[in-house]
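Below: the structure, in structure tokens.
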There are 2 protein chains.
Amino acid sequence: MTLSQYPAQVEEAVSKGQTVVLLAKCEIWYSGRAESYLPLGDRIILVKEDSAVIIHQPNGNNPINYMKPGTKVSMNFDDGKLFMNCRNLINKEFLDLRIDSIYSFSTRKLTDGQDIQIEGTEKDMAEMMYNKPELVEKGFRPLSREEHTKYGFIDLFGLDREGKLVVVECKRYRADLPAVSQLRRYVEKIEESKGITHVRGILAAPKITENALKMLQDWGFEFVSINPPRYLEKYDRDQKSLAHFG
Amino acid sequence: MTLSQYPAQVEEAVSKGQTVVLLAKCEIWYSGRAESYLPLGDRIILVKEDSAVIIHQPNGNNPINYMKPGTKVSMNFDDGKLFMNCRNLINKEFLDLRIDSIYSFSTRKLTDGQDIQIEGTEKDMAEMMYNKPELVEKGFRPLSREEHTKYGFIDLFGLDREGKLVVVECKRYRADLPAVSQLRRYVEKIEESKGITHVRGILAAPKITENALKMLQDWGFEFVSINPPRYLEKYDRDQKSLAHFG
DNA sequence: TACTACATCTCGCAT
DNA sequence: ATGCGAGGTGTAGTA
């Protein structure tokens, strides 16, 4: 297929809600929330059925350029050159490719309506502590979890054995400085709104950075080491076999 | 090509550092930092030359499953079933696919060594203010920008017309509560390390949320409205033509 | 729509 | 390796 034949093929596929994958040599301009230019090189270009556009270089995890779903995608052959123009006028975003060569063109209507099931999130952690309050400390009585209050989004909230209010902030990995700041915001807002001064703050995470621990202690808060639930339960480290799941 | 023939084809391509794209119906298990299961459906499977694995559903911006570069990818046909097993033993991460059907298989050695050039970042904002200090306020004298300190990364640091220390934190979009907390951390650390108490804090952003402004003012800090540089300069909103760039 | 915080965040940079 | 913060972050949940 010559370059001039692609616009009709690609636009028809996109209009039918098919997914399109191109392996191509191209250069790329973006303008919108920022501006960027990527010189000529080989990339993977993916146009999804919702008109999301995702472009990858041959290395790395993240796309190098992309456009959100709902983008208007057109392809144009002009003056011997092939362009792919992506427009999102609502967001004022623009992505333009000049395509030098196309190595591979695949298109297909894909059917998928499945939702992923995930365990081990911060929410799961808060739920685990809600159900096993002794993980926080002896005598802890949870009042609420994952609560959107006007004070903010508090992971876990309760009373200690002496009846003092306790705010618990969970982190699924290492707690850092922003995590301490976050806890501090919640505690201060609750103290302010209730007109009290002895609200306790607990940061629950597998570990905590040195600076974060220092700041936490400077502010009179506490750290409790807790792991997210079901972490690596399904696989054995040295076991290659597929686990049973779902 | 029958399912049983894919393992040899795919593994050879991967071993040669080729990029592989599959359109396939599959179900997916992940275990590592969390655990997940995605029931059977059509997806785009991308294996890059650095053995990053990226899997997309037909809709949405983000991959639904993925593995980092350096993952060991193998494909196995067992008991009439085709599996793709991805292992990252260092990170203790595992991704397994059972592939029901393959609609499309593309592979190609891709060549790209280009770096993207981006303008309009937070760093560009700090640089603009460093070069035009009057954007912050009359008489502001910048001392440093983008400075990595032990307590964090201070965007812009200087003296006001009266010789008072000023910490400036930039945000490219709307400044929010974490941005105020961040500024507060920097100001407190500088006051602590210098043994002084009158360090000014300025949050520079196009706009700020209501709660963030209140918290900012409660703490005696200031807001200055500044836009990131060169934002949307290259395109005209109603102009469809490609801008010249680079 | 605006705001808030999570994410298998990823990434770069400095220590 | 760890720590820290940006990101064209994206995404979900809520008011």
Side-chain angles (χ1 to χ4, degrees), chain A residues 30-36 52 54 60-69 88 91-95 116 118-126 146-155 169-179 182 185-186 207-213 228 231-232, chain B residues 30-36 52 54 60-69 88 90-95 115-116 118-126 146-155 169-179 181-182 185-186 207-212 228 231-232:
Chain A
Y30 165 76
S31 179
R33 283 172 287 179
E35 298 186 336
S36 73
I54 295 148
N61 249 294
N62 279 356
I64 191 69
N65 281 110
Y66 51 90
M67 293 283 274
K68 289 183 173 164
N88 191 323
N91 297 333
K92 293 176 201 156
E93 290 190 290
F94 307 87
L95 185 71
I116 197 166
I118 299 184
E119 302 171 33
T121 63
E122 194 178 289
K123 183 176 176 176
D124 295 330
M125 235 179 121
E146 291 281 310
E147 200 179 1
H148 287 266
T149 72
K150 62 183 169 185
Y151 320 117
F153 179 87
I154 294 177
D155 287 334
E169 171 60 29
C170 304
K171 289 295 159 196
R172 55 191 310 286
Y173 201 50
R174 183 168 294 198
D176 53 13
L177 290 174
Q182 195 181 343
R185 276 206 310 275
Y186 298 155
K207 42 190 178 173
I208 184 168
T209 70
E210 203 178 315
N211 281 343
L213 181 60
Y231 201 68
L232 272 177
Chain B
Y30 165 76
S31 178
R33 284 171 285 178
E35 298 188 334
S36 73
I54 296 148
N61 248 294
N62 280 355
I64 190 69
N65 282 110
Y66 51 90
M67 293 283 276
K68 288 185 174 164
N88 191 323
I90 294 167
N91 298 333
K92 294 175 200 156
E93 290 190 291
F94 308 86
L95 185 71
D115 288 329
I116 197 166
I118 299 184
E119 301 171 32
T121 63
E122 193 178 287
K123 183 175 175 176
D124 294 330
M125 235 180 121
E146 294 283 310
E147 197 178 0
H148 286 265
T149 75
K150 185 176 167 185
Y151 311 110
F153 177 89
I154 294 179
D155 288 332
E169 171 61 31
C170 304
K171 289 294 160 195
R172 354 177 20 256
Y173 257 152
R174 184 167 292 200
D176 53 14
L177 290 175
S181 289
Q182 195 181 342
R185 274 206 309 276
Y186 297 156
K207 43 191 177 173
I208 185 168
T209 70
E210 201 178 317
N211 282 343
Y231 200 68
L232 272 178

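By convention in this document, chain letters (A, B, ...) are assigned in the order of the sequence lines, proteins followed by strands, and residues within each chain are numbered from 1.
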Taking the side chain as every heavy atom from C-beta outward, state whether A:Asn65 and B:Ile116 have any pair of such atoms under 4.5 Å apart.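 Answer yes - side chains close enough.
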Measure [atom1]/[X] against [atom2]/[N] and give the value in whole Å, please.
X	N	atom1	atom2	value
A:Tyr30	D:dT9	OH	C1'	11 Å
B:Lys123	D:dG8	NZ	C1'	17 Å
A:Ile64	D:dG8	CD1	P	9 Å
B:Ile118	C:dG12	CD1	C1'	12 Å
A:Glu146	C:dA7	CD	C1'	13 Å
B:Asp155	D:dA6	CG	P	6 Å
A:Met67	D:dT9	CE	P	14 Å
A:Asn61	D:dG10	CG	P	16 Å

Is there aromatic stacking of A:Phe153 against C:dT4, centre distance under 5.5 Å, plane angle under 30°?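 So no, this residue does not stack on that base, at least one cut-off failing.
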Quick one: is [X] getting a side-chain N or O under 4.0 Å of the [N] phosphate, OP1 or OP2?
X	N	value
A:Arg33	D:dA6	no
B:Lys92	C:dT8	no
B:Tyr173	D:dG7	no
A:Thr121	C:dC6	no
B:Arg185	D:dC4	no
B:Lys171	D:dG5	no
B:Asn211	C:dT4	yes

Do A:Asn65 side-chain and D:dG8 base share a donor-acceptor contact under 3.5 Å?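 Side chain to base: pair found, below 3.5 Å.
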Quick one: does B:Glu122 reach the base of D:dG7 with a side-chain donor-acceptor pair under 3.5 Å?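 By the distance-only test, no, there is no pair.
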[X] has a side chain; which of [options] sits nearest to it?
X	options	value
A:Asn62	C:dT8, C:dC11, D:dG8	C:dC11
A:Tyr66	D:dG8, C:dC9, C:dC6	D:dG8
A:Lys68	D:dG8, D:dG10, D:dA6	D:dG10

How many angstroms lie between [atom1] in [X] and [atom2] in [Y], if you round to the nearest 0.5 Å?
X	Y	atom1	atom2	answer
A:Ile118	A:Lys123	CD1	NZ	12.0 Å
A:Asp176	A:Leu213	CG	CG	13.0 Å
B:Met67	B:Tyr30	CE	OH	7.0 Å

When you measure from the side chain of B:Arg33 to the backbone N and O of A:Arg172, does any donor-acceptor pair fall under 3.5 Å?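 Side chain of B:Arg33 to backbone of A:Arg172, a donor-acceptor pair under 3.5 Å: no, none is there.
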Nearest nucleotide by nearest heavy atom, which residue falls closer to the 5' end of DNA chain C, B:Lys207 or A:Gln182?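 Checking each residue's closest nucleotide, the 5'-ward one belongs to B:Lys207.
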Would you mind telling me which residue lines up with the more 5' stretch of DNA chain C, B:Leu177 or B:Pro69, judged by nearest nucleotide?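 On the 5' side of the pair lies B:Leu177.
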With P as the reference atom in both, quote the distance from C:dC6 to D:dA6 in angstrom, rounded to an integer.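 Rounded to whole Å, the distance is 16 Å.
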For the pair A:Lys207 and A:Tyr173, evaluate side-chain contact (heavy atoms from CB on, under 4.5 Å) and give the outcome as yes or no after the intermediate values. CA-CA 7 Å; A:Lys207 42 190 178 173; A:Tyr173 201 50; 3.8 Å; yes
Could you check whether B:Glu147 gets within reach of a base, just the sugar-phosphate, or nothing at all, counting any heavy atom under 4.0 Å?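 If one applies the 4.0 Å heavy-atom cut-off, B:Glu147 turns out to touch nothing in the nucleic acid.
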